[in-house]
Amino acid sequence: MKDASLVLDPVELIGCELRGLYSAHGYTRYRMSKFEEYDLYSRHKEFLVSDGVLTFTDTDGSLRALKPDVTLSIIKNTRDREDPLAVDKLFYCENVYRISKQSGEFREIQQIGLECIGGVDPLCVCEIAFLAAGSLEAIGRPFVLELSHTRLLEAVADRIASGADAEDTEKEKLRAGIIEAVRTKNRSLAGAIAESSLLGDAGKRLLFELTSSGTDLCRLAEFFKDDEEASGYIAELSAVAGYLEARGMGGNPAVDLSVDGGADYYNGIVFRGYVEGVSDRVLSGGRYDLLMEKMGRKGSAVGFAVYLDEIARLFDAGSKIDADTVIVYGDGDDVGQVLELSERMSRDGSVYVCRSVPDGFRYRKLVRFPGKAEQSE
Amino acid sequence: MKEIVNIALPKGRLGDCAYSIFEKAGFSCPSILENTRRLIFENTETEGGTGVRYFWVKPSDVAIYVERGAADVGVVGKDILDEYLPDVYELLDLGIGKCRMAVAGPKNFRDDSSKPLRVATKFVRTARSYFAGKGRDIDVIKLNGSIELAPILGLSDVIVDIVETGTTLRENDLEVLSVIGQISARLIANKSGFRFKNEGVTRIASMIAASIGKDGK
C-alpha cells in the first residue's frame with residue numbers, strides 16, 4: 001500500500017493520527033447517521049452551540065435534522081450499563097451542521113472527538129485531558145490547552161458578591177457582572193464593579209487577578225480554604241494540571257477561569273485548546289453530567305471535540321504541486337505502452353497522463369512519450 | 001524574531017484618538033502620520049518594547065478583524081460589541097468616543113401600547129433586547145444611516161441610535177426618550193492571539209491602562 005502521506009492531505013493525516021491515539025487508549029469508534037430526529041434538538045435547544053437546525057421531512061413524514069451536535073446523539077443512542085463503575089469510551093469522526101456566527105449561514109463542520117460515559121472518575125478525567133493535550137500536540141504547532149471549572153467560577157462570583165455591601169437584587173447583578181468580567185478579561189468592568197460595590201479587599205484583588213492572564217490555583221485555594229465544595233473543584237483542576245505536567249506536556253495546561261466549554265451543557269471541568277496560527281479554538285469540551293441527567297441517563301460523562309476545519313487553515317496549499325510527473329502522449333502512441341510507463345513512474349510519485357498540459361498545472365518533471373524527461377520545476 | 005502585535009484601528013476621528021493613546025503609552029509608529037495611501041504601518045522598535053503593526057479598518061469591521069485573528073487587538077465601540085457579540089476579550093475601556101445608546105423620538109412622544117412600536121435602527125439586536133426587557137412588542141425597521149429621518153418622515157415611531165451631544169436630535173425636534181447604555185471605545189483582543197502573543201498584548205494593555213490612569217491601582 002502506498003505511503004499514506006503521499007495521498008492524504010495534512011488534515012487527513014492528523015485525523016488518522018488522532019484515531020490511532022484514541023484507539024490505543026481503548027476508545028472504540030462510534031458511527032452514527034448524519035440524520036437525527038428533530039425532536040431531540042427541539043427538546044434540548046439550550047444545549048446547542050448555535051441557533052438554527054437544518055431540517056427536512058423524511059419519506060415517512062417525520063421531521064429530521066442534519067446533526068448540529070454529536071454528543072446529544074451519543075447519549076440518546078447508548079445505554080446505561082448495569083455496573084455503575086463501567087465506562088463506555090467512544091470516539092467519533094463526524095460532520096455537524098451549524099450556523100456560522102460570522103457568515104450567518106449554515107456550514108458543515110468536520111470534527112473528531114471523544115466521549116467517556118458512565119462511571120467517570122478522576123482517572124477518566126485525567127486520561128481525557130491527556131488525550132486532549134495529545135490531540136493538540138499531534139497538529140504539530142505550539143499549542144495551549146486551557147482548563148477551567150464552571151462551578152468554580154460561579155463559586156468565586158457568589159463569594160465576592162456575597163461580601164458586597166448591597167441589596168440582594170444588586171448582589172445578583174453583581175454576580176453576573178463578575179462572571180462577565182472574568183469571562184471577557186474585562187479589567188474596566190472589574191474596576192467599575194470594585195468601585196461601585198464596596199467589595200472587600202480580598203474580593204477586589206481576586207477579581208483583578210482573574211481578569212488578567214491566568215488563574216493561580218494556589219491563590220484560589222487560599223481564598224476558599226474554608227469552603228469544602230469550592231476546594232473540591234480546585235483539587236479537581238489541580239489533579240488534572242498536575243498529571244499533565246508530570247506527563248511532560250510542556251507548560252500545559254494553563255488554568256484560566258475565563259474559559260468556557262463552548263456549550264451550555266458543560267457543568268464542571270471544561271477544556272479549550274488553541275494552536276498557534278489559528279484564530280479560534282480548535283478543541284473544546286468538558287464534563288456534562290447535567291446533560292446526562294436531563295436526558296434520563298445515569299452516571300457521568302466527559303468529552304471533547306477537535307475542529308478539523310479550523311486546523312485546515314494552517315496548511316497552505318499554495319506551494320503544492322499538482323503531480324510529480326506529467327507524461328504527454330500523442331496520436332498514434334501505443335495506449336498500453338503509455339499506461340505501462342505511467343504505472344512504472346507512479347512508484348516514485350504521482351503521474352498525470354495527458355495529450356496537452358493544462359494551463360497553470362504544476363509539476364516536477366515532464367516526459368514526452370516515449371522520450372526522457374524534458375524539464376523539471 | 002521579535003513579536004509584533006497586529007492592531008486594527010477604526011478609520012476616522014475615533015481612530016486618530018485611539019492612535020494618540022497608543023503613542024502616549026509608548027507604541028508609536030511615526031509613518032502612520034504620513035500623508036500616504038498605505039494601509040499597514042509597522043514599527044518593530046517601540047519605546048514600549050513590543051513591535052506593532054497598525055492598520056486602518058472600517059469601524060464596524062474592527063471586531064471582525066480581531067475575532068478572526070487578522071488583528072491581535074483592536075479598538076471598537078461598545079455599541080458594536082453589544083450588537084454583534086464577537087467572541088473576543090474586552091481588555092480595557094479607553095474612555096474615548098463617549099456617547100450614549102438611546103431611544104429617541106419626537107418631542108412629547110406618547111407611546112400607544114395597543115400597537116407594536118415601530119423602531120428604526122442600525123442596532124437590531126440591541127433594540128430587540130432592550131424592548132424585550134421592557135416587555136414591549138416592537139416592529140424593527142433596519143436602516144444603515146440617517147436614522148433620525150425615520151420618525152420625522154413617519155417611517156417609524158422612535159429610533160434606537162447613538163447620541164453624542166444631542167444636537168442633531170434637537171435641531172430636528174427629536175429628544176432622548178430613554179438611555180439604554182453608555183458607550184465608549186474598548187480595547188479588544190483575539191482569544192488565541194492573547195495566548196500566543198500574551199507578553200506583547202498584556203504589555204500594550206497594561207501600559208495603556210497606566211497611561212490613561214485605569215490600571216486599577
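Every chain is numbered from 1 and lettered A, B, ... according to where its sequence line falls, protein lines coming before strand lines. Note that the structure is predicted; figures quoted are calculated from it, not measured.
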Point to revise | Side chain, backbone, both or neither of B:Tyr84 within contact of chain A (heavy atoms, under 4.5 Å) | key: backbone
Exercise for review: Supply the atom-to-atom distance B:Leu187 CG to A:Arg187 CZ, rounded to the nearest 0.5 angstrom.
Suggested key: 12.5 Å
**Study point:** Pairwise side-chain contact, A:Asp256 with B:Arg195, heavy-atom cut-off 4.5 Å (strictly under)
**Key:** yes
**Study point:** CD/A:Glu108: more than 12 non-hydrogen atoms of other groups inside 6.0 Å
**Key:** yes
Check your understanding: Within a reach of under 6.0 Å around CD of B:Glu42, are more than 12 heavy atoms found that belong to other residues, nucleotides or ligands?
Key -> yes
Point to revise | Partner chain B: residue of A:Lys185, A:Glu276, A:Arg183 with the largest heavy-atom pair count (under 4.5 Å) | key: A:Lys185
Exercise for review: Find the distance between CG (B:Asp93) and CG (A:Asn186) and round it off to the nearest 0.5 Å.
Suggested key: 8.0 Å
Check your understanding: Taking atom NZ of B:Lys142 as the centre, does the number of heavy atoms from other residues, nucleotides or ligands within less than 6.0 Å exceed 12?
Key -> yes
Point to revise | Polar side-chain atom of B:Ser192 near backbone of A:Tyr274 as donor-acceptor pair, under 3.5 Å | key: no
Side-chain donor-acceptor distances from residues 64-73 of chain B under 3.5 Å, at least two apart:
residue : atom : partner  : partner atom : Å
B:Glu67 : OE2  : A:Lys101 : NZ           : 3.2
B:Glu67 : OE2  : B:Asp87  : N            : 2.8
B:Asp72 : OD2  : B:Asn6   : N            : 2.8
B:Asp72 : OD2  : B:Asn6   : ND2          : 3.4
B:Asp72 : OD2  : B:Lys197 : NZ           : 2.8

Practice item. Please list, chain by chain and in numerical order, all residues satisfying side chain to side chain donor-acceptor pair (under 3.5 Å) with B:Asn190, sequence neighbours excluded. Key: none
Check your understanding: Should we say atom CZ of B:Arg125 is surrounded by more than 12 heavy atoms from elsewhere, each under 6.0 Å from it?
Key -> yes
Practice item. Name the option with the most non-hydrogen atom pairs under 4.5 Å to chain B; the candidates are A:Val278, A:Thr211, A:Asp280, A:Val275. Key: A:Val275
